Amino acid sequence: MTPVVTTGLAPAPNADSRDKIPPEYTELKHRIHRKLLERINLERLAEIDAPRVRQEVRTAVASLVEEEQSKLGEWSKDLIIDQVLNEVFGLGPLEPLMQDPTISDILVTTPHKVYVERNGRLVKTPVRFKDNTHLQRIIQKIVAQVGRRVDESSPMVDARLPDGSRINAVIAPVAVDGPVLSIRRFARNPLMAGDLVGMSSLTEGMLTLLSACVRARLNILVTGGTGTGKTTLLNVLSTFIGEDERIVTIEDTAELQLRQDHVVRMETRPPNIEGEGAIKQRQLVINSLRMRPNRIILGEVRGEEALDMLQAMNTGHDGSLATIHANSCRDAISRLEMMVGLVNSNISLHSIRNQIASAINVFVHMARLSDGSRRVTQIAETIGVRGREVLLQDLFVFEKTGLAKDGSVRGRFRGTESKPELIEKLRHADEPVPETLFDSLVEV
């Protein structure tokens, strides 16, 4: 049988050191990688099953490492072998980060500046790329996996990896200092309602109210900034939708991880190289109304689809869920007014506000605090329109009271002691909640 590569024996890798390759070994790693590509029989590789291919390539890399005259210890040899294998089969220096379940974001600012987010905090890592060319090659490898392209004529790309991670890449001429890469990773096992309570993102009472609102088919809009946990909360709220309901999800990049069986997932499409063929969220929202949905979940309201979403909520498609970027529930209303007004300038502001007030029953605001924790800081219901504004009534708020010695934020979740108008809606839907729920005070 014709060998795939020159053979040799490789020691087992040292997993504890995979993302700590010393800078002085970077050139050696790339030299071995180049030699490997010269020796590999690419046509033969394509005919062999994946596990055997990896073993044969590992053997070849080990042989090339032995041929080097560098004085490498066993630890360094194992490290170099793992790094070269990551270049061949994975995402190069990023591969160890992609395997770390504690990392939620990977942010490559320059080839020599790679940051990750752990537990809500950004941390600089020792991970390095050789140069801009190396980083751009990895970006090309990533986007090729999902059938997308990024080049000088189309220097920006936003896509979803097979594992659900969301990637955004920008290259020259838009990126002035070299390629920029952002990867938003999602947990293999999404957080559940109990996890959010355990993390003090909200209280049992707040969860009781929100779960009743979902089951009672009230329309809910989750607001918040980037990285505050809006999609996570949306995932949790979706768990309260019945298994007997048909759910249609609409997103720019599919991130939701619903557990129900009857789910139709739709995703927007960017224009092709000729600038044609784009499919926008508004088209998908309109199309979803013809798909006999019981529930419509809109990943993020960001443009002209706002009008169609409100009209759907007001014409029998109740129980819809969505998110929107905003600094508060009040700010979310202003953003909706602006979006709808841009779509159709003939609609009066008063009519827009009436549509918002009748369409959206509950606003939930998420915020990321200074210690990196994510919390529901406001739950409010709409109670109508008065004069020039949509009226909101707070049901729960989070009040910050100070900082602990370790920097963690201290505060309290407080019910506003107001009798919500939605209590009657919940009672009629056979999802009653006690009025004493809104008298609670929970310190965290």
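Note that this is a predicted model, so its numbers are computed, not measured.
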Next item on the list: Fit a plane to each ring of Phe413 and Phe398, take the angle between them on a 0 to 90° scale, and name the class: parallel (under 30°), tilted (30 to 60°) or perpendicular (over 60°).
Entry: tilted

Check: Are the side chain of Gln393 and the backbone of Ser418 linked by a donor-acceptor contact shorter than 3.5 Å?
Finding: no

Item checked: Contacts of Arg160 that satisfy side-chain contact (heavy atoms from CB on, under 4.5 Å) - sequence neighbours left out -> Thr253, Ala254, Glu267

Note to self: Just verifying a value: how many Å separate Ile183 CD1 and Leu107 CG, rounded to the nearest 0.5 Å?
What the structure shows: 9.0 Å

Check: Of the non-hydrogen atoms in Val174 and Pro155, which two are nearest, and what is the gap between them?
Finding: CG2-CG, 3.4 Å

Next item on the list: Check whether any side-chain heavy atom of His134 sits under 4.5 Å from a side-chain heavy atom of Pro93, and report yes or no.
Entry: yes

Item checked: Closest contact, heavy atoms only, Gly120 versus Arg374 -> CA-NH1, 3.9 Å

Pair up each side-chain donor or acceptor in residues 424-434 with any protein partner under 3.5 Å, not counting sequence neighbours, and list the distances.
from	atom 1	to	atom 2	distance (Å)
Glu424	OE1	Arg427	NH1	3.3
Glu424	OE2	Arg427	NH1	2.4
His428	ND1	Glu424	O	3.3
Glu431	OE1	Arg215	NE	3.1
Glu431	OE2	Arg215	NE	3.4

Note to self: Taking atom CE as the centre, does Met156 end up with more than 12 heavy-atom neighbours from other residues, nucleotides or ligands that are less than 6.0 angstrom away?
What the structure shows: no

Notebook entry, point to check: Measuring from Glu300:CD to Leu298:CG, what's the distance to the nearest 0.5 Å?
Noted result: 8.5 Å

Notebook entry, point to check: Taking Arg269 for the side chain and Gly277 for the main chain, is one N or O donor matched with an acceptor at less than 3.5 Å?
Noted result: yes

Notebook entry, point to check: Between Thr268 and Asp252, is any side-chain donor less than 3.5 angstrom from a side-chain acceptor?
Noted result: yes

Next item on the list: Find the distance between CD (Glu381) and CG (Leu391) and round it off to the nearest 0.5 Å.
Entry: 10.5 Å

Check: If you round to the nearest 0.5 Å, how far is CD1 of Ile106 from CD1 of Ile167?
Finding: 11.5 Å

Next item on the list: Please answer whether the main-chain N or O of Gly384 pairs with a side-chain N or O of Arg353 as donor and acceptor at a distance below 3.5 Å.
Entry: no

Notebook entry, point to check: Quick one: do Arg368 and Glu117 make a salt bridge, cutoff under 4.0 Å?
Noted result: yes

Next item on the list: Answer yes or no: is there a donor N or O on one side and an acceptor on the other, between the side chain of Ser373 and the main chain of Leu369, under 3.5 Å?
Entry: no

Next item on the list: Can you tell me which residue pairs pass the salt bridge (Lys or Arg N to Asp or Glu O under 4.0 Å) test with a partner in residues 434-444, sequence neighbours excluded?
Entry: Lys419-Glu435

Note to self: With a 6.0 Å cut-off (strictly less than), is the heavy-atom count around CD of Glu245, excluding the residue itself, greater than 12?
What the structure shows: yes

Next item on the list: Not counting sequence neighbours, which residues clear salt bridge (Lys or Arg N to Asp or Glu O under 4.0 Å) with Arg282? List them please.
Entry: Asp308

Notebook entry, point to check: With respect to Thr249, which candidate in Leu234, Leu258, Ile296 satisfies the side-chain contact (heavy atoms from CB on, under 4.5 Å) definition?
Noted result: Leu258

Checklist line | Any side-chain heavy-atom pair of Ile220 and Cys213 under 4.5 Å | finding: yes

Notebook entry, point to check: Partners of Phe363 by ring-ring contact (aromatic ring centres under 6.0 Å, His included), sequence neighbours excluded?
Noted result: none

Next item on the list: Quickly, which of Thr416, Thr223, Asp394 forms a side-chain hydrogen bond (donor to acceptor under 3.5 Å, both in side chains) with Gln378? Name it, please.
Entry: Asp394

Notebook entry, point to check: When rounded to the nearest 0.5 angstrom, what distance separates OG1 in Thr232 from CD in Gln257?
Noted result: 8.5 Å

Notebook entry, point to check: To the nearest 0.5 Å, what is the distance between CD (Glu255) and OG1 (Thr323)?
Noted result: 8.5 Å

Margin query: Taking NZ in Lys124 as the centre, count heavy atoms belonging to other residues, nucleotides or ligands within less than 6.0 Å. Is the count above 12?
Written below: yes

Next item on the list: Measure from the side-chain N and O atoms of Asn219 to the backbone N and O of Ser320, and report whether any donor-acceptor pair falls under 3.5 Å.
Entry: yes

Checklist line | Minimum-distance pair of heavy atoms, taken over all atoms of Phe240 and Ala193 | finding: CZ-CB, 4.0 Å

Notebook entry, point to check: Does Gln260 reach the main-chain N or O of Gly242 with its side chain, forming a donor-acceptor pair under 3.5 Å?
Noted result: no

Next item on the list: Check salt bridge (Lys or Arg N to Asp or Glu O under 4.0 Å) between Asp177 and all other residues, then give those that pass, not counting sequence neighbours.
Entry: none

Margin query: If you count every heavy atom of other residues, nucleotides or ligands that lies below 6.0 Å from Asn119 atom CG, does the total exceed 12?
Written below: no

